[in-house]
Engineer: 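Encoded as structure tokens, here's the structure I'll be asking about.
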Amino acid sequence: MPELPEVENVVRSLRPGLVGRQITEVELPTYGQNGPGRTVLRRLLVGSTNAFRKRLCGGRVVSIRRHGKNILITLQAQGAGHGSLCLLVHLGMTGRLRFESMPEPLRPHTHVIFTLDAPGRWLHFSDPRRFGKLHLSKDEPAEIQLLGPDPLEISLEEFCARLRRRRARVKALLLDQRFVRGLGNIYADESLFRASIHPAAIGSRLRRERGARLWDAIRATLRQAIELGGSSISSYMDAEGRAGWFQQVHQVYGRTGEECFECGSLIRRIVIAGRSTHFCPACQRQQRGRTAKKTKPGERSR
DNA sequence: ATCGGTACCTGCACGC
DNA sequence: TGCGTGCAGGTACCGA
């Protein structure tokens, strides 16, 4: 769920209440819930739960930033294990970091409760589907270096150069975090619509002019989405519980069968790279000879 | 290199 | 009301 704009808003809303604060206690309410062999946290927490708790307690938050869809929290550890710590949080599809006041009843699927040295403030991590991840390490995990450039920072030149090198369909490329980091299903579809590019177009076959339009569309889409607080499709909210508004200006995502706001054609849904892909068949035409092979007669493209 | 399928999970909307 | 089905913002892994 949370893509770059949502994660960016979570990070921004975490900063004021988290930077400079000390974590005084860490509780893991779902630890051991499904029996010792299958604890809920096993998949969520990289490393042992005890080490996680021990190393984090007493740590003071130094900084927090976004890297693609990852949240990186740097802490100054306390006591014998002094030195710096890096807590990586990936929200997966349904992960949520949210400030809470303790007397409220615990929401279901709350896996980690960080007690802060600010009175009446706790930070809860919840994640119903448990696709999220928490990884505590001494240094920044090496894996994040494998991710591609940030789409808001990449230059036009580099973006076009990367496109030229890849023969995958452009929608698949946008979802590939090694191509650019931070785009997900919503913003890939919305960016392609804004650039009037068919999602099945082959990256290396896009002319420079179209590549430039895509580069521009991605940046404009992400900037506007960040501005509007992200897309709140079902339950996304920032750390202070504020919803986003970008879903109200979605042009194609989640609009299968509805009329295109530009031309009135019906928005179509196809599957690319195993993901639902929404586009306007009239505004996003396949370029003859420049796209993936056409569907054979009698073959269904759904 | 790239793709499709599967897996990981729970919740929700839908049709019957 | 209940039940089965398909779908959902994520990534990782397999074999082809």
Side-chain angles (χ1 to χ4, degrees), chain A residues 1-10 30 33-34 38-46 66-71 88-97 107-111 125-135 141 143-144 146-148 162-191 199-205 221-222 225-226 228-238 243-247 250 252-257 269-278 292-293 299-302:
Chain A
M1 123 173 298
E3 306 179 31
L4 189 152
E6 290 77 31
V7 178
E8 180 63 30
N9 274 283
V10 169
T30 58
Q33 196 166 286
N34 290 7
R38 245 180 69 83
T39 100
V40 166
L41 277 176
R42 171 143 306 176
R43 185 171 263 44
L44 236 36
L45 265 190
V46 180
R66 177 185 64 75
H67 187 92
K69 297 172 194 168
N70 296 284
I71 299 169
L88 177 149
V89 182
H90 195 297
L91 299 174
M93 293 270 244
T94 52
R96 210 157 120 174
L97 278 171
R107 276 166 223 280
H109 310 295
T110 300
H111 305 299
F125 171 77
S126 62
D127 184 7
R129 288 178 73 181
R130 295 183 234 150
F131 291 165
K133 189 171 73 174
L134 288 99
H135 182 120
E143 303 99 84
I144 69 163
L146 301 176
L147 300 181
R162 285 178 160 260
L163 261 185
R164 242 176 284 129
R165 268 183 259 136
R166 301 287 298 267
R167 272 170 298 172
R169 290 174 289 184
V170 64
K171 164 72 185 268
L173 286 180
L174 296 184
L175 291 178
D176 183 349
Q177 301 298 297
R178 290 163 308 181
F179 182 73
V180 284
R181 64 173 120 108
L183 286 178
N185 215 23
I186 296 177
Y187 299 104
D189 283 0
E190 292 298 318
S191 299
I202 302 299
S204 61
R205 294 195 196 157
T221 303
L222 292 178
I226 291 172
L228 292 180
S231 303
S232 289
I233 301 283
S234 62
S235 66
Y236 160 76
M237 290 184 180
D238 72 12
W245 297 98
F246 191 75
Q247 69 282 2
H250 285 178
V252 286
Y253 183 83
R255 299 197 60 242
T256 309
R269 174 187 178 277
I270 57 176
V271 174
I272 292 180
R275 310 295 303 278
S276 275
T277 299
H278 314 76
K293 78 168 183 224
E299 208 175 286
R300 283 278 171 76
S301 57
R302 235 197 100 123

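Being a predicted model, the structure only gives us computed values, none of them experimental. Numbers restart at 1 for each chain; the letters A, B, ... are given by sequence-line order, proteins then strands.
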Engineer: If you measure from the P atom in B:dC9 to the same atom in C:dC3, how many Å do you get, rounded?
Structural biologist: 23 Å
Engineer: Side chains of A:S126 and A:H111: do they bring a donor and an acceptor to under 3.5 Å?
Structural biologist: no
Engineer: Considering only heavy atoms and no angle criterion, is a donor-acceptor pair shorter than 3.5 Å present between the side chain of A:R130 and the base of B:dC9?
Structural biologist: no
Engineer: OP1 or OP2 of C:dT11 versus the side-chain N and O atoms of A:R129: is any pair under 4.0 Å?
Structural biologist: no
Engineer: State whether the distance check finds a donor on one side and an acceptor on the other, under 3.5 Å, for side chain A:R166 versus base B:dA1.
Structural biologist: no
Engineer: Could you report the tightest heavy-atom contact between A:E190 and A:Y253, atom names first, then the distance?
Structural biologist: OE2-N, 2.8 Å
Engineer: If you measure from the P atom in B:dT10 to the same atom in C:dT1, how many Å do you get, rounded?
Structural biologist: 24 Å
Engineer: Which nucleotide in the list B:dT2, C:dA8, B:dC9 gets nearest to the side chain of A:R167?
Structural biologist: B:dT2
Engineer: Quick one: is A:H90 getting a side-chain N or O under 4.0 Å of the C:dG10 phosphate, OP1 or OP2?
Structural biologist: no
Engineer: Let me spell it out: for each of A:G274 and A:H109, pick the nucleotide of DNA chain B with the closest heavy atom. Which residue's pick is nearer the 5' end?
Structural biologist: A:G274
Engineer: Would you please confirm or rule out a distance under 4.0 Å between OP1 or OP2 of C:dG10 and any side-chain N or O of A:R275?
Structural biologist: yes
Engineer: Taking the side chain of A:E3 as heavy atoms from C-beta outward, which of C:dC7, C:dT11, C:dG10 is closest to it?
Structural biologist: C:dG10
Engineer: In terms of side-chain heavy atoms of A:A172, which of B:dC3, C:dA8, B:dC9 is nearest?
Structural biologist: B:dC3
Engineer: Look up atom CZ in A:R96 and atom CG in A:D238, then write down how far apart they are to the nearest 0.5 Å.
Structural biologist: 9.5 Å
Engineer: Return the nearest nucleotide to the side chain of A:K69; candidates are B:dT10, C:dT11, B:dC8.
Structural biologist: C:dT11
Engineer: Counting only side-chain heavy atoms from C-beta out, which of B:dC8, C:dA8, C:dT11 sits nearest to A:F131?
Structural biologist: B:dC8
